[in-house]
Amino acid sequence: MNPSRLVLLGHPVSHSLSPTIQTAALRKAGIDLTYEAVDVEPYMFSDCFARMRDENVAGNVTIPHKTSAFSLCDSLTQRAEHVGAVNTFWVEDGGMVGDNTDVVGFDNAVQVLLGHVPYKENVVLLGAGGSAQAVAAAVADWPGSKLTIYNRSEKSARALAMRFPDNACVELTLPKALEGGTLIVNATPVGIFDDVHPVELGALPKGAAVLDLVYKRGETSWVRGARGRGHRACDGLAMLIEQAAAAFERWTGMKPDKDVMWEAAVGPA
Ligand code: NAP
């Protein structure tokens with residue numbers, strides 16, 4: 001497809017490690033492309049996405065544009081259709097193609113966290129936006145697993161649950177949602193810029209694993225605190241690297257060096 005350049009479209013976007021890890025992988029592979037973060041306010045997204053198509057730009061979409069990108073693409077991969085959100089795009093025959101690599105990123109991160117392929121999990125999902133949609137799509141394929149969605153706005157929680165009626169339900173209070181949870185997933189931006197916890201540490205169900213899609217150098221306060229109380233816990237860095245590697249392959253036809261991506265993300269020891 002030979003894109004003219006690569007971008008990450010989001011708002012806010014300055015916290016993202018994607019430019020660092022993609023640039024490291026591009027340099028390692030000897031590919032002469034740039035990958036830059038572009039802050040796009042929601043009211044500008046549609047115009048911006050059309051310009052990307054005209055200029056043969058490929059890239060990623062992050063908070064809060066994943067569902068808008070889904071509606072604006074000319075065609076979608078099967079995975080993006082299933083999820084209802086787009087995090088990776090490129091131009092083919094003049095049309096914008098949307099894909100979703102968050103599902104494989106989430107799946108791989110959970111397998112590392114749990115130490116096995118997920119099976120009969122009782123997943124509590126905080127949030128109902130673009131990344132929550134990828135989580136719900138992944139959980140729908142886990143044998144015998146249930147998904148309970150808790151979100152600050154009931155409407156988007158219900159809309160998400162309706163897409164996965166066989167295994168998803170909505171709870172309107174957090175304590176009820178947490179009951180019996182075996183894997184608690186934060187898919188809200190809570191904790192990105194401060195140390196606020198999406199769930200009080202003392203309220204986490206006993207023995208539950210914790211996965212925070214938010215990531216930071218040195219992990220999030222929630223993840224560190226949960227681990228300190230004996231929970232298996234990890235932040236969103238593993239998912240970020242895995243979804244980035246899958247996107248890199250889509251754009252370049254080459255597998256990136258994931259070790260180089262990890263080194264770039266974690267920084268010097
Ligand atoms: P999004 O589409 O904007 O959805 C955000 C969700 O969080 C919505 O359900 C929203 O609720 C809820 N929310 C927003 N602010 C909140 C607050 N202050 N308190 C409680 N709930 C709040 O965003 P997204 O793309 O899903 O991203 C969510 C987070 O996941 C971001 O931090 C992003 O960086 C992270 N993420 C990480 C990875 C990774 O690879 N590690 C991948 C994707 C996303 P309403 O419905 O009420 O608006």
Side-chain angles (χ1 to χ4, degrees), residues 8-22 37 39-42 45 60-71 80 83-88 99-110 112-113 124-138 149-161 163 170-174 177 184-200 210-217 219-223 233-248 258 261-262 265-266:
L8 169 66
L9 309 176
H11 180 75
V13 81
S14 59
H15 66 283
S16 177
L17 284 176
S18 292
T20 308
I21 61 178
Q22 292 290 7
D39 196 308
V40 186
E41 290 199 43
F45 186 74
N60 290 124
V61 178
T62 188
I63 185 170
H65 302 312
K66 289 179 183 180
T67 41
S68 307
F70 176 82
S71 348
V83 176
V86 159
N87 82 324
T88 301
D99 190 13
N100 195 304
T101 63
D102 281 336
V103 181
V104 69
F106 176 74
D107 252 338
N108 291 351
V110 170
V112 171
L113 177 66
V124 179
L125 174 60
L126 311 170
S131 56
Q133 282 170 265
V135 172
I149 303 164
Y150 172 76
N151 189 49
R152 67 177 179 183
S153 5
E154 183 184 342
K155 195 174 160 204
S156 34
R158 296 242 177 254
L160 178 55
R163 291 178 57 85
V170 174
E171 280 295 350
L172 299 181
T173 68
L174 188 54
I184 318 302
V185 179
N186 176 34
T188 77
V190 173
I192 288 194
F193 297 114
D194 49 34
D195 285 343
V196 174
H197 294 177
V199 173
E200 295 288 332
V210 166
L211 178 49
D212 196 351
L213 298 201
V214 175
Y215 60 85
K216 289 181 171 173
R217 285 211 159 99
E219 301 187 308
T220 61
S221 165
W222 193 50
V223 164
C234 76
D235 73 1
L237 201 49
M239 173 171 166
L240 182 80
I241 305 275
E242 294 294 337
Q243 63 78 28
F248 183 102
K258 283 196 220 169
M261 289 177 142
W262 270 105
V266 175

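In each ligand, atom 1 is the first atom listed, and ligand 1 is the first ligand listed. Just so we're clear, the structure is a prediction, and the values are computed from it rather than from any experiment. The residues of the chain are indexed from 1 along the displayed sequence.
Residues satisfying the salt bridge (Lys or Arg N to Asp or Glu O under 4.0 Å) criterion with R158, sequence neighbours excluded, are E154. A search for side chain to side chain donor-acceptor pair (under 3.5 Å) contacts involving T62 returns nothing, not counting sequence neighbours. When the salt bridge (Lys or Arg N to Asp or Glu O under 4.0 Å) test is applied to D99, the partners found at least two apart in sequence or on another chain are R250.
Minimum heavy-atom separation, I149 to G127: CG2-O, 3.8 Å. Scanning all heavy atoms of the two residues, the minimum distance from Y150 to A177 falls at CB-CB, 3.9 Å.
When each of Q243, K66, H65 is paired with N60, the side-chain contact (heavy atoms from CB on, under 4.5 Å) condition holds for Q243 and for no other.
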Pairs of nitrogen or oxygen atoms, one from ligand 1 and one from the protein, closer than 3.5 Å: please tabulate them with distances.
from	atom 1	to	atom 2	distance (Å)
ligand 1	2 (O)	G130	N	2.8
ligand 1	9 (O)	A128	N	2.8
ligand 1	9 (O)	G129	N	3.4
ligand 1	9 (O)	N151	OD1	2.8
ligand 1	11 (O)	N151	OD1	3.2
ligand 1	11 (O)	R152	NE	3.4
ligand 1	15 (N)	R152	NH1	3.4
ligand 1	26 (O)	G130	N	3.3
ligand 1	26 (O)	S131	N	2.8
ligand 1	26 (O)	S131	OG	2.6
ligand 1	27 (O)	S131	OG	3.4
ligand 1	40 (O)	L240	N	3.2
ligand 1	41 (N)	L213	O	3.0
ligand 1	41 (N)	G236	O	2.8
ligand 1	46 (O)	N151	ND2	2.9
ligand 1	46 (O)	S153	OG	3.2
ligand 1	46 (O)	S156	OG	2.9
ligand 1	47 (O)	R152	NE	2.9
ligand 1	47 (O)	S153	N	3.4
ligand 1	47 (O)	S153	OG	2.1
ligand 1	48 (O)	R152	NH2	3.2

